[in-house]
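Working notes, structure below.
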Amino acid sequence: MMFGFATLVIHSCFRTNHEDWTINDTSSYVDLSPLYGNSLEAQLKLRRQDGTGMLWNDVFSEDRLLFLPPISCALLVLFCRNHNFIAEKVLQINEKKLWSNPPPKEEKAKMKQDTEIFNIARLINAAHFAGIVFSDYLAAILGLSRDANPWSMDPFSEIRNEDHTLVERGAGNANSVEFNLLYRWHATLSEPDVTWLEGIFKSSFKGKPADRITVDDFKDVTETLKSYSAKDIKTWTFAGLKRGPDGKFSDDDIARICMEATAHPAGAFDAIALTRGDRFYTHDFTPSVYTSWGFKDCQRNPGNPGAGSVLGPLLLRTLPEHYPEDSVWTWFSMLTPETMRENLTRLGKNDKYSFDRPLPKTVVTPIEDPSAVLELTGRAGRGLKTTYATRAREIFDNGGYFSLLDDVRADMHRKAIQQAIFHNIEHTGTIARLIESKARALIHNKSFQLVKGGSRCVDIVKDVVNLAPIHWIADTLGLPLKTHDHVKGTIFEQQADQIFKDIYSYIFHEVDSSFVLNFRYIIKRHIAFMTRYIDPHVADTSGIIPSVTSIKDALLSLWIDRRGDSGRFYDSIVANGFSRTDVINDVLALAVLSTVELSHLLVHVINYYMEEVNKPQRDRITAAAFGDESVSAAELEGYVREAIRIDPVTVGVHRETTSAAFTRVSGQPLPNKEKVFLSLKKTMMNEEFYPDPHKVVLNRTKEQRLLLGDGTAKLLGEDYILDVGAHVLRAVFSLKNVRRAPGPSGQLRRYVQDCHGTPQWFYLDQKQKVSPWPTSMLLQYDI
């Protein structure tokens with residue numbers, strides 16, 4: 001693998017002009033020119049030119065690589081895919097709101113947009129390439145990977161000469177003749193490469209022995225090969241691979257080539273300076289040029305499982321079904337797995353990685369047929385199991401509600417939690433009123449006066465809707481939240497919110513594979529932190545003497561906790577006879593599922609009714625908030641229900657078929673252990689099953705039910721969401737002349753991303769960092 005990548009570096013640096021051997025046709029920068037070419041003419045052959053900035057599937061410009069071992073071409077295919085991923089993301093986010101999606105139809109405007117997006121995506125992709133040079137490639141050469149050492153050379157920092165003058169940056173560069181002659185890795189081959197090369201010679205020269213090949217023979221074969229490379233690049237192939245109808249190579253084939261390159265070492269044994277002269281890696285390496293998302297995307301993470309590997313995240317992004325997040329094949333792909341097993345064992349880190357050659361994962365099959373989704377989310381889905389419990393068991397000690405999501409025993413824990421939280425009362429009105437009261441108090445405490453006029457402003461997402469359920473559950477569970485009224489608390493509001501969001505995301509969201517291992521460690525620390533506050537309650541209620549550490553950690557919390565009604569809750573949940581670990585995990589499950597998803601849903605509801613097109617419904621909600629008794633509680637709950645249906649948070653759920661092979665879709669049985677994604681959003685917006693799907697219809701039938709997924713609704717019920725939602729709407733729309741703040745601050749900063757064929761919202765914070773959670777939306781109101 002290392003020498004295959006080295007070949008890309010070589011061909012980025014050198015391309016001798018065939019007419020004048022003193023001329024180098026490349027830029028001599030580490031700019032990924034083997035993918036993008038060295039001229040506008042070559043570049044345009046790669047581009048779709050459709051306004052998206054994307055390349056044709058699995059294409060590259062460097063024809064010389066077609067006649068070298070296949071790993072170099074396979075790596076270029078991955079960089080092509082990475083370019084398209086980046087271009088798609090840049091257009092989706094549309095940071096400066098310069099482009100339209102779908103692209104404009106007018107040719108000039110379309111090409112302007114296409115060129116802008118293409119160039120940004122190229123810069124980001126080339127930065128990934130350069131990052132691999134500084135991390136994986138350099139670490140393999142210097143032996144840093146053997147010690148899992150995250151050190152990396154930083155050629156872009158300021159360097160001073162002996163007289164203290166600065167060494168220039170971004171001022172261009174040139175290759176020396178000596179470097180051109182010495183920096184060649186073509187002859188460094190593995191045994192499979194030798195076999196491949198011998199096969200190429202045999203087929204090209206029709207079996208003629210090497211010692212009998214003449215100069216004329218070589219010229220004839222060269223002309224034949226040149227004629228092949230003159231074909232449409234969308235038809236190029238290598239290593240006998242075939243393209244599919246979409247022009248892409250099989251993931252299986254590309255992964256096989258990459259893994260074989262990792263498995264087989266080369267038989268024998270630095271370009272860094274070329275990057276220092278490139279202004280796009282120095283002066284112009286800024287969020288303004290790369291976009292905020294792109295600038296962050298190509299940053300090296302020294303703390304990742306590959307000790308700063310950049311190639312590992314690229315493999316996870318472009319071949320997600322073939323490279324696991326915990327494999328040395330992913331994170332140390334330039335060294336053999338056997339070598340890394342020895343090194344990681346020596347370092348005492350071998351238990352964190354898998355070493356066996358990865359097998360392809362089961363591809364997720366999206367199910368969008370509304371009748372099938374409605375059946376499989378009902379009783380007919382008993383042949384399916386949720387996949388979320390597996391993730392939960394990775395972070396929780398065995399036991400408790402989350403760990404049993406795919407087990408019938410979860411029902412016992414669900415009933416115990418509901419009994420403890422609702423106190424055998426069948427409605428949720430008490431809780432809804434408490435959360436409404438918390439929301440009103442937060443609006444009062446978190447609002448700020450504008451400089452001019454009689455208006456105030458509040459971040460309804462960050463400071464109100466995200467925190468109101470957190471305040472309520474902290475009182476209920478005896479958690480010492482540091483608030484306006486309880487300044488001696490030891491858990492900050494935003495800290496608790498982030499902890500619960502992280503736990504929820506790890507279980508229910510599709511977390512970036514390159515972050516999973518580190519994220520798991522963070523989650524376990526979160527759980528340990530919260531357990532310190534929950535455990536003394538459980539131990540106290542159970543009559544168990546807590547450990548000295550537990551007493552020490554929770555002394556302050558016990559002094560503060562007793563302000564709430566937590567005693568009755570713990571008495572109830574402990575009385576079920578579950579183990580101490582089970583009870584603690586059940587309390588954490590309640591803390592997570594009663595708060596962050598609910599807040600997310602309510603943000604969508606408020607945002608929906610702030611749109612001018614929904615003013616008639618907003619007027620009814622406002623009337624109710626100001627005491628109009630003609631608007632019933634059921635009508636308010638109907639508005640909440642319809643906003644969630646039209647703009648859901650959970651757009652689909654993952655399932656896996658079990659050995660009970662009676663799960664059918666459109667009359668056909670699903671294979672055993674098939675992974676499927678049930679599109680809830682597309683089902684609820686289907687006109688046949690949900691008439692007038694884009695309209696708010698308050699009298700929908702029971703068959704046109706809300707599909708809410710496996711989180712809050714499954715534990716606490718739909719009524720909890722609707723009742724709390726109606727009360728929070730009263731709190732928000734009781735504000736006089738409530739309206740969006742002007743400009744972007746009054747909008748949810750979000751963009752649509754594909755999730756197994758179903759559109760899903762992702763959000764941006766003030767620094768344009770991508771998040772699965774809404775981050776901010778300012779509202780103004782009159783005093």
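Heavy-atom basis, side chains included; hydrogens, waters and symmetry copies ignored.
- Look at Arg414 and Asp411 and you find a salt bridge, because one of the NZ, NE, NH1 or NH2 atoms lies within 4.0 Å of a carboxylate O, short of that distance.
- The pair Arg730-Asp628 does not meet the salt-bridge criterion, since no charged nitrogen lies less than 4.0 angstrom from a carboxylate oxygen.
- In this structure a side-chain-to-backbone donor-acceptor pair under 3.5 Å is present from Asp723 to Gly429.
- Counting only heavy atoms from C-beta outward, the side chains of Leu716 and Ser594 approach each other to under 4.5 Å.
- Between the side chain of Gln299 and the backbone N or O of Phe295, at least one donor-acceptor pair lies under 3.5 Å.
- Of the possible polar contacts, one joining the Asp459 side chain to the Met777 backbone as a donor-acceptor pair under 3.5 Å is found.
- Results of the salt bridge (charged side-chain N to carboxylate O under 4.0 Å, His left out) test with Glu611 over Arg740, Arg618, Arg739 single out Arg740 as the only residue that passes.
- Using cut-offs of 30° and 60° for the angle between ring planes, the Phe402 and Phe508 rings count as perpendicular.
- Ring geometry, Phe422 versus Tyr720: the interplanar angle falls from 30° to 60°, so the pair is classed tilted.
- Atoms CZ and CG, on Arg645 and Leu708 in that order, are 12.0 Å from each other to the nearest 0.5 Å.
- Shown here is Lys714, whose NZ atom has more than 12 heavy atoms of other residues, nucleotides or ligands within 6.0 Å.
- Rounded to the nearest 0.5 Å, atoms CG (Leu404) and CE (Met412) are 7.5 Å apart.
- Using a 4.0 Å cut-off between a side-chain N of Lys or Arg and a carboxylate O of Asp or Glu, Asp582 and Arg409 do not qualify as a salt bridge.
- Arg641 has a carboxylate O that lies under 4.0 Å from a charged side-chain N of Glu718, or vice versa, which qualifies the two as a salt bridge.
- Between Asp765 and Arg749, no side-chain nitrogen of the basic residue sits less than 4.0 Å from a carboxylate oxygen of the acidic one, so the salt-bridge criterion is not met.
- Side-chain atoms of Asn585 come within 3.5 Å of backbone atoms of Asp397 as a donor-acceptor pair (strictly under, hydrogens ignored).
- Of the possible polar contacts, none joining the Ser447 side chain to the Val458 backbone as a donor-acceptor pair under 3.5 Å is found.
- Here Tyr401 and His413 keep their ring centres 6.0 angstrom or further from each other.
- Side-chain N or O atoms of Asn149 include one that pairs as donor or acceptor with a backbone N or O of Trp151 at under 3.5 Å.
- Both cation-pi conditions hold for Arg391 and Tyr506: the charged atom is under 6.0 angstrom from the six-membered ring centre and inside a 45 degree cone around its axis.
- Using a distance-only test at 3.5 Å, with no hydrogens or angles considered, no donor-acceptor pair links the side chain of Glu656 to the main chain of Leu384.
- Taking the charged nitrogens against the carboxylate oxygens, Lys438 and Asp475 do have a contact shorter than 4.0 Å, which makes a salt bridge.
- Under the 3.5 Å distance criterion, the side-chain polar atoms of Asp586 are left unmatched by any main-chain donor or acceptor of Ile417.
- For Phe529, the CZ atom sits in a packed shell: over 12 heavy atoms of surrounding residues, nucleotides or ligands are nearer than 6.0 Å.
- Checked by atom type and distance alone, the side chain of Gln780 never pairs as donor or acceptor with a backbone atom of Ala741 at under 3.5 Å.
- At a cut-off of 3.5 Å, with distance as the only test, a side-chain donor of Asp782 or Ser455 sits close to an acceptor on the other residue.
- Glu493 has no carboxylate O lying under 4.0 Å from a charged side-chain N of Lys482, or vice versa, which leaves the two without a salt bridge.
- Results of the side chain to side chain contact (heavy atoms under 4.5 Å, CB included) test with Ile503 over Val596, Leu593, Ile522, Ile523 single out Ile523 as the only residue that passes.
- Taking a cutoff of 4.0 Å between a charged side-chain nitrogen and a carboxylate oxygen, Arg525 and Asp502 do not qualify as a salt bridge.
- Although no hydrogens or angles enter the test, the distance criterion places no donor-acceptor pair under 3.5 Å between the side chain of Glu325 and the main chain of Phe515.
- Side-chain rings of Phe762 and Trp773 stay apart, their centers remaining 6.0 Å or farther from each other.
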